[in-house]
Amino acid sequence: ANFDTTAGTVSFVPESGGATVNVQSIVRNSATQFTVTVTRSDFVEANDPYTLKVTNGAGLSASVAGAIDCNQPPVFAQSADTNLANIFNGGPALSGSTANASATDPDGDTITYSIISGSLPSGLTLGSSNGYITGSVSGVTPQTFTFTVRAATSVSNSDRQFRIVVTTLPAGGSTTTNGGYTYHTFTSSG
């Protein structure tokens with residue numbers, strides 16, 4: 001209110017220090033509305049949040065604190081298309097963080113994990129709160145399973161495709177088991 005109808009500037013002032021973000025373009029739509037364009041990369045997570053400041057030609061200004069929070073999306077620990085595990089059909093289970101599809105959030109927001117396309121082999125599950133895939137497979141045809149995991153916060157999502165390979169448990173020779181591993185010993189006649 002009470003701004004002149006001809007001039008004005010809009011800027012975003014970081015509340016945690018750093019450089020003010022200036023607009024790339026500005027259009028005065030009416031006596032009470034501006035439309036501005038900014039460059040996304042000018043907003044820095046460490047400087048969050050940003051105060052919106054509008055100044056008219058005479059120097060009168062108004063501000064809205066905490067108007068912009070650039071909020072970065074979650075970042076996965078593993079690269080896209082990573083094979084998270086080779087698991088034997090009927091073999092030892094995956095446990096802990098062995099098959100890790102987790103992500104971190106630069107804002108510290110809570111992340112929830114889900115599979116949005118493809119599927120895990122029967123017997124394996126994705127931890128919705130930690131992104132770890134655990135369980136064991138039995139009666140599953142050996143193949144490569146491709147799936148996409150979504151790491152979601154209340155404000156943004158990241159999706160990443162991964163793989164898990166199910167193979168046939170080796171057979172033959174004399175077998176011994178020790179510490180969760182099965183050893184096959186073959187003795188040649190020569």
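Each residue takes its place number in the sequence, starting with 1. Only this structure's heavy atoms are used, side chains among them; waters, hydrogens and symmetry mates stay out.
- Leu124 and Val165 fall into different hydrophobic clusters, defined by Ile, Leu, Val, Met, Phe, Trp and Tyr side-chain heavy atoms under 4.5 Å apart, directly or through other members.
- Between the OG atom in Ser114 and the CG atom in Asn157 there is a gap of 8.0 Å [rounded to 0.5 Å].
- Both Val140 and Ile87 are part of a single hydrophobic cluster, where members link through side-chain heavy atoms under 4.5 Å apart.
- A donor and an acceptor atom, one from each side chain of Thr168 and Asn89, are nowhere located under 3.5 Å apart.
- Under the 4.5 Å side-chain criterion, counting only non-hydrogen atoms from C-beta, Asp105 is not in contact with Gln72.
- The heavy-atom pair separating Leu126 from Ala101 by the smallest distance is CD1-CB, 4.4 Å.
- The backbone N or O of Pro49 lies less than 3.5 Å from no partner atom in the side chain of Asp69, so there is not a single donor-acceptor pair.
- The main-chain N or O of Thr35 is found under 3.5 Å from a side-chain atom of Asn29 such that the two form a donor-acceptor pair.
- At distances below 3.5 Å, at least one donor-acceptor pair connects side-chain atoms of Arg163 with backbone N or O atoms of Asp81.
- Side-chain atoms of Ser61 and Thr55 include no donor-acceptor pair closer than 3.5 Å.
- With 3.5 Å as the limit, one finds no donor-acceptor pair spanning the side chains of Gln24 and Thr37.
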*Take Val38 and Phe43 through the side-chain contact (heavy atoms from CB on, under 4.5 Å) test and state the conclusion after the steps.*
CA-CA 9 Å; Val38 294; Phe43 290 91; 3.6 Å; yes
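- Listed here is the closest heavy atom pair of Gly91 and Ser136: O-CB, 4.3 Å.
- Considering OG1 of Thr20 and CG of Asn47, their distance stands at 9.5 Å, rounded to 0.5 Å.
- Across every non-hydrogen atom of Ala103 and Ala151, the tightest pair is CB-CB, 4.0 Å.
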*Going through the checks in order, is the side chain to side chain donor-acceptor pair (under 3.5 Å) test met by Ser11 and Asn22?*
CA-CA 5 Å; Ser11 60; Asn22 294 309; 5.0 Å; no
*Test side-chain contact (heavy atoms from CB on, under 4.5 Å) on Thr176 and Asn178 and set out the steps.*
CA-CA 7 Å; Thr176 56; Asn178 186 359; 5.9 Å; no
*Worked check of side-chain contact (heavy atoms from CB on, under 4.5 Å) between Cys70 and Arg40*: CA-CA 8 Å; Cys70 60; Arg40 169 68 180 95; 3.6 Å; yes
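- Taking CG from Asn100 and CD1 from Ile133, the interatomic distance works out to 9.0 Å, rounded to the nearest 0.5 Å.
- Listed here is the closest heavy atom pair of Gly8 and Ile26: O-CD1, 3.8 Å.
- Taking the six-membered ring for Trp and the full ring otherwise, Phe76 and Phe162 have centroids separated by under 6.0 Å.
- At distances below 3.5 Å, not a single donor-acceptor pair connects side-chain atoms of Thr39 with backbone N or O atoms of Asp42.
- Here CD1 of Ile111 is found 11.0 Å from OG of Ser154. Values are rounded to the nearest 0.5 Å.
- In terms of hydrophobic clustering, with Ile, Leu, Val, Met, Phe, Trp and Tyr side chains grouped at heavy-atom distances under 4.5 Å, Tyr50 and Phe34 are assigned to a common cluster.
- With Arg160 contributing its side chain and Ala77 its backbone, the two residues share no donor-acceptor pair below 3.5 Å.
- Taking hydrophobic clusters as Ile, Leu, Val, Met, Phe, Trp and Tyr residues chained together by side-chain heavy-atom distances below 4.5 Å, Val166 shares a cluster with Val149.
- The side-chain heavy atoms of Val44 and Pro14, taken from C-beta on, include no pair separated by under 4.5 Å.
- With hydrogens and angles disregarded, a donor-acceptor distance shorter than 3.5 Å links the side chain of Glu15 to the backbone of Gly66.
- Looking at heavy atoms from C-beta onward, Pro121 lies in side-chain contact with Ile164 at the 4.5 angstrom threshold.
- The two residues Ala99 and Leu94 make their nearest non-hydrogen contact at CB-CD1, 4.0 Å.
- Looking at Ser16, its side chain does come within 3.5 Å of a backbone N or O of Asp48 through a donor-acceptor pair.
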_Intermediate values then yes/no, side-chain contact (heavy atoms from CB on, under 4.5 Å), Val10 and Leu52_ = CA-CA 7 Å; Val10 176; Leu52 168 65; 3.5 Å; yes
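- Distance check: Tyr113 OH to Ser102 OG gives 5.0 Å after rounding to the nearest 0.5 Å.
- How far CG of Asn83 is from OG1 of Thr144: 7.0 Å, rounded to the nearest 0.5 Å.
- Between Thr134 and Ser95, the shortest heavy-atom contact is CG2-CA, 4.0 Å.
- In the hydrophobic clustering of ILVMFWY residues, with side-chain heavy atoms under 4.5 Å counting as a link, Ile68 and Val155 come out apart.
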